[in-house]
Amino acid sequence: QVQLVESGGGLVQPGGSLRLSCATSGSIFSIYTMAWYRQAPGKQREFVAAITGRGITNYADSVKGRFTISRDNAKNTVYLQMNSLKPEDTAVYYCNLDIPTTSWTRVRYWGQGTQVTVSS
């Protein structure tokens, strides 16, 4: 079965940078969209960034210009480069694999999450 393992979280000061990684198992990883979501305490999980199998990216307005999502299909790994971090970015960050199963349905796989804390 598919496994997603996040790493790279930690404590950084405002304005700092952090790079998250998501190592993925799966023989057809390269053709599917990968995404990052985050969830702060007391809040719902929210979309952060996504990248298609062809490398097309999308970002939440709150992180545009600061975060960059990328993928290395040879390593079955997705990255999230986070620059100019703000305290509002503090959350658990989750890696997501989105697989369409039919024209109308899909299955989504989630990692266990990695904590990102931005504080002075």
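Not measured: the values here are computed from a predicted model.
- When all heavy atoms of Thr33 and Ala50 are compared, the closest pair comes out as CG2-CB, 4.2 Å.
- Through ILVMFWY side-chain contacts below 4.5 Å, Val5 is grouped with nothing and stands alone.
- Nearest heavy-atom pair, Met82 versus Val116, reported as atom, atom and distance to 0.1 Å: CE-CG2, 3.9 Å.
- In this structure, the separation between OG1 on Thr114 and CG on Leu80 is 11.0 Å, given to the nearest 0.5 Å.
- When every heavy atom of Arg71 is checked against every heavy atom of Thr52, the shortest pair comes out as NH1-O, 3.0 Å.
- Counting heavy atoms from C-beta outward, Leu11 and Ser119 have side chains that approach closer than 4.5 Å.
- In this structure, the side chain of Glu46 does not engage the main chain of Arg38 through any donor-acceptor pair within 3.5 Å.
- Residues meeting the side chain to side chain contact (heavy atoms under 4.5 Å, CB included) test with Lys43, sequence neighbours left out: Ala40.
- Taking both residues in full, the closest heavy atoms of Cys22 and Met34 are given as SG-CE, 4.3 Å, listed atom of the first, atom of the second, then distance.
- Closest heavy-atom contact between Gln81 and Asn83: NE2-OD1, 3.0 Å.
- Judged purely by atom type and a 3.5 angstrom limit, Glu6 uses its side chain to pair as donor or acceptor with the backbone of Cys95.
- Each ring pair (Phe, Tyr, Trp, His ring centres under 6.0 Å) pair with one or both residues in residues 54-90, not counting sequence neighbours, would appear here, but there are none.
- Arg106 pairs by the side chain to side chain contact (heavy atoms under 4.5 Å, CB included) definition with Asp98, Arg108, not counting sequence neighbours.
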Quiz item: Checking side-chain contact (heavy atoms from CB on, under 4.5 Å) for the pair Val118/Glu88: CA distance, chi angles, key distance, verdict?
Solution: CA-CA 8 Å; Val118 185; Glu88 306 91 87; over 6 Å; no
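- Judged as a side chain to side chain contact (heavy atoms under 4.5 Å, CB included), and not counting sequence neighbours, the contacts of Ser120 are Pro14.
- Distance alone, capped at 3.5 Å, places no donor-acceptor pair between the Thr24 side chain and the Leu4 backbone.
- Taking a 4.5 Å side-chain heavy-atom cut-off between Ile, Leu, Val, Met, Phe, Trp and Tyr, the cluster of Val92 extends to Tyr37, Phe47, Tyr94, Trp110.
- The hydrophobic clustering, which links ILVMFWY residues whose side-chain heavy atoms are closer than 4.5 Å, places Ile31 and Val107 together.
- The pair Asp61-Lys64 meets the salt-bridge criterion, with a side-chain N (NZ, NE, NH1 or NH2) lying under 4.0 Å from an Asp/Glu carboxylate O.
- Of all the heavy atoms in Gly53 and Asn73, the pair that sits closest is O-ND2, 4.3 Å.
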